[in-house]
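Notes follow once the structure below has been shown.
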Amino acid sequence: MRITRDDLISIIFLLPLYIFIIVMVFIPIVNVILGSFGISLFGEKSEFTLKGYNEFLASESPYMYSLFFTIYISLIATVISIVAGYLFAIYLTVKKPPIWSKVSTVMTIPLFTPYIVGAFMWWTLLWPRGYISLFVNGILMRLGLAHEPLPLVNDPYGIGILFGEVWIRFVIAVSIFYGPLQLINPELIDAARSLGAGTWTIIRKIFIPLTKYALIATSAIVLLATMAGVSIPLVLGGSWPQFLNVMIYLDVTTRFNYIMAYTSGVFYIIASAALGYIFFRFTTKKVILQTR
Amino acid sequence: MYGERRQRLWDLLVIGIVMVYILLPMVVLVEYAFAEKWYAYQLYPSQWGLKWFSWVFKHHDTRMAFLYSYTLAPLVMLTTLALCIPAGYVLGTKRTKLSIFTENLVNMNMALPVIVIGIGLLPLYTRLGLLGNYWALIPAHMIGAIPYTLRSVTAAFMQVPRDLEEAARVLGATKLQVIRKVYIPITWRGILAGGIFAFSWSLNEFILTLLLGAPAVKTLPIAIYEYVGGYYLTPQPAAALSIFILLPSIAIALFFEKYLQVSLGLGGG
């Protein structure tokens, strides 16, 4: 095979990027995978072991509990964000409210808000003196459903994490859904209406089938981002149960239990690979093609 | 007529609820930042002022956090662009198998959780004596910035018509003239957008700085975290600090929306 001058230029121009990815991404990931088996890439004392996996998968393991808690809360946050975001994007598409063009920029603010600031903002609303906490607990106690204020942040149920995550993911969902929904032929909706279809029938029979790949891809990316983000569970989560990534952070900074951090990291890599594959598989072609 | 009015009321209700939902956390943040006196039994502050902003500037740690954040961000922007412009040129102008493979490889990075890369880098940084090193945070911040910047720069180079470069060459333009007269006028917007993405990412980056930089190098997000995530909770200085990082972020969002017609999530982990 002959390398042309063009190929050589391409290689020279791409080389710094490849070196960067190898050093800053590939080697760390290999280090995490090998480290989960007790093998070190950087010359520390290493010995092959399955201790990390045995401890992770043991019955009543805090790591398994954390993994389930992470998946459970992330799934709830994803469902809320996707359903609310999808319905809102449909509302904007169908009703085309004139006021929207004046306020649509506001929707982009959470996209650019640092997660740590977003988490802190929700903390100020949810801590015992926060407006939402006072409002919700006031209603619950007045109705006799609670005898003492319910903790809405740093709580064991993940309520605080849900508030923080949904605020950001809802906006991401609306931004992604809005594009594919605009590509649906409005005559289809008019035809369905004139044949007597109600709003829910139109959503079920027209919108969902024509945007199902966008729905799958967005759900995958929202779930992945929710599972992987550290700032929100770190600030809004409770002392127990914790998100798996918070466990990883505590393992390397306070418990110095590197093998467990690496083992948890491997579970994250597997989840990311699966969800990332779904996202890129459905976003490369089908999201656009299906609606045309 | 009645139906139209009812529809307008519905629009106001639905969009109003969404706007309150989006803006309420920010309103409360501003309230905390400007609250000089706010007793536990009061619903809102009894005295407003700039006390917490001056408090922020009086402390060495927070002053350094400003310095670190706002010097790291332009450095990350420049180094990311230095890496992404040549790569983006290849990916945008030569659609070969290598280009597509490179794009997929970079996209794959976007799916990897930053904390996993961070704990993988930790022993490498320790071994090289780079923990807590200001300069070593630049490549760490670039990890998250590169996929966004590269996309933007690649898209910019894709807009350059192949024939335009060839026509310029046929007419005797030198390589430098082709870059100056053909490439720069068409690609500057995309390159600028890519640079601002990198700047914004660095300003917001949290977990890698926490793992690889702190406690020696604390940026603004780390300083905010220390006020709310530690054992003592002091929301007022954290709110004042947040304003300094939120305002540039909002300005960048508005700039993108108005001048570059793009929007993208840049939460920074």
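Chain naming here is simple, since letters A, B, ... match the order of the sequence lines and numbering starts at 1 in each. All values derive from a computational prediction rather than experimental measurement.
- In this structure, the portion of A/Thr253 lying under 4.5 Å from any heavy atom of chain B is its side chain and not its backbone.
- Once rounded to the nearest 0.5 Å, the distance linking CG of A/Leu17 with SG of B/Cys84 reads 6.5 Å.
- Ranked by non-hydrogen atom pairs under 4.5 Å with chain A, the options B/Leu246, B/Leu220, B/Thr96 are led by B/Leu246.
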Extract all donor-acceptor atom pairs below 3.5 Å that involve side chains of residues 264-271 of chain A and protein atoms in other chains or at least two apart in sequence.
residue	atom	partner	partner atom	Å
A/Ser264	OG	A/Met260	O	2.8
A/Tyr268	OH	A/Met227	O	2.7
A/Tyr268	OH	A/Asn245	N	3.3
A/Tyr268	OH	A/Asn245	ND2	3.4

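- Nearest approach of B/Pro221 to A/Ile116, heavy atoms of both residues: CB-CG2, 3.7 Å.
- For B/Leu122, the part lying under 4.5 angstrom from a heavy atom of chain A is the side chain only.
- Contact count against chain A (heavy-atom pairs under 4.5 Å) is highest for B/Leu124 among B/Leu112, B/Leu124, B/Leu12, B/Ile146.
- Counting heavy-atom pairs under 4.5 Å between each of A/Tyr91, A/Tyr258, A/Phe170 and chain B puts A/Tyr91 at the top.
- Interface check for chain A: of the options B/Ala82, B/Gly118, B/Pro139, B/Ser242, the most heavy-atom pairs under 4.5 Å are formed by B/Pro139.
- With rounding to the nearest 0.5 angstrom, the OG atom of B/Ser249 is 10.5 Å from the CD1 atom of A/Ile109.
- Heavy-atom distances place no part of B/Leu241 under 4.5 Å from chain A, backbone and side chain included.
- Using a 4.5 Å cut-off on side-chain heavy atoms (C-beta onward), A/Phe163 and B/Pro25 make no contact.
- Heavy-atom distances place both the backbone and the side chain of B/Ala239 under 4.5 Å from chain A.
- Crowding of A/Arg255 atom CZ: a count of heavy atoms from other residues, nucleotides or ligands under 6.0 Å exceeding 12.
- Side-chain contact check for B/Pro113 versus A/Ser272: some heavy-atom pair is nearer than 4.5 Å.
- In this structure, chain A has a heavy atom under 4.5 Å from the side chain of B/Val90, while its backbone stays farther away.
- For the pair B/Tyr21 (side chain) and A/Trp167 (backbone), a donor-acceptor distance under 3.5 Å is present.
- Remark: A/Phe20 pairs with no residue by the ring pair (Phe, Tyr, Trp, His ring centres under 6.0 Å) rule, at least two apart or across chains.
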Steps toward side-chain contact (heavy atoms from CB on, under 4.5 Å) verdict (A/Lys95, B/Trp10): CA-CA 10 Å; A/Lys95 303 290 181 190; B/Trp10 264 110; over 6 Å; no
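- Separation of atoms CE (B/Met26) and OG1 (A/Thr113) is listed at 4.0 Å; rounding is to 0.5 Å.
- In this model, a donor atom of one side chain and an acceptor atom of the other lie less than 3.5 Å apart for B/Thr102 and A/Tyr18.
- Looking at B/Tyr44, the atoms closer than 4.5 Å to chain A (heavy atoms on both sides) sit in the backbone and in the side chain alike.
- With sequence neighbours excluded, the residues that form a side chain to side chain contact (heavy atoms under 4.5 Å, CB included) with B/Leu203 are B/Ser69, B/Tyr70, B/Ala73, B/Phe199, B/Ile245, B/Pro248.
- Both the backbone and the side chain of A/Tyr249 come within less than 4.5 Å of a heavy atom in chain B.
- The candidate with the highest count of non-hydrogen atom pairs below 4.5 Å against chain A, out of B/Val14, B/Ile85, B/Leu150, B/Ile250, is B/Val14.
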So A/Leu14 and B/Leu91, side-chain contact (heavy atoms from CB on, under 4.5 Å) or not? Walk me through it. CA-CA 9 Å; A/Leu14 290 174; B/Leu91 304 186; 4.1 Å; yes
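- Proximity to chain A is absent for every atom of B/Val27, based on heavy atoms less than 4.5 angstrom apart.
- Here OH of B/Tyr227 is found 11.0 Å from CZ of A/Phe120. Values are rounded to the nearest 0.5 Å.
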With side-chain contact (heavy atoms from CB on, under 4.5 Å) as the test, would you mind laying out the steps for B/Val18 and A/Met107 before giving the verdict? CA-CA 9 Å; B/Val18 172; A/Met107 281 292 277; 3.8 Å; yes
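- A/Ile21 touches chain B through its side chain: at least one heavy atom from C-beta onward sits under 4.5 Å away, while N, CA, C and O do not.
- Ring geometry for A/Phe112 against B/Phe197 counts as parallel: the plane angle stays under 30°, on a 0 to 90° scale with 60° as the upper cut.
- A pairwise comparison of heavy atoms in A/Tyr131 and B/Glu31 identifies OH-OE2, 2.7 Å as the closest pair.
- Between chain A and the options B/Val28, B/Leu29, B/Ile22, the largest number of non-hydrogen pairs under 4.5 Å is found for B/Ile22.
- Scanning residues 24-31 of chain A against chain B with a 4.5 Å non-hydrogen threshold yields A/Met24, A/Val25, A/Pro28, A/Ile29, A/Asn31, sorted by number.
- Contact of A/Leu236 with chain B is not made at all, since no heavy-atom distance falls under 4.5 Å.
- Atoms CE and OH, from A/Met121 and B/Tyr32 in turn, are 13.5 Å apart once rounded to the nearest 0.5 Å.
- Using a 4.5 Å heavy-atom cutoff, the side chains of A/Val230 and B/Val114 are not in contact.
- The distance from the CZ atom of A/Arg129 to the CD atom of B/Gln42 is 8.5 Å, given to the nearest 0.5 Å.
- Residue A/Val246: no heavy atom, backbone or side chain, is found under 4.5 Å from chain B.
- Side-chain contact check for A/Leu134 versus B/Leu43: some heavy-atom pair is nearer than 4.5 Å.
- Although no hydrogens or angles enter the test, the distance criterion places no donor-acceptor pair under 3.5 Å between the side chain of B/Tyr225 and the main chain of A/Leu234.
- With a 4.5 Å cut-off on side-chain heavy atoms, A/Tyr115 and B/Asn204 do not count as touching.
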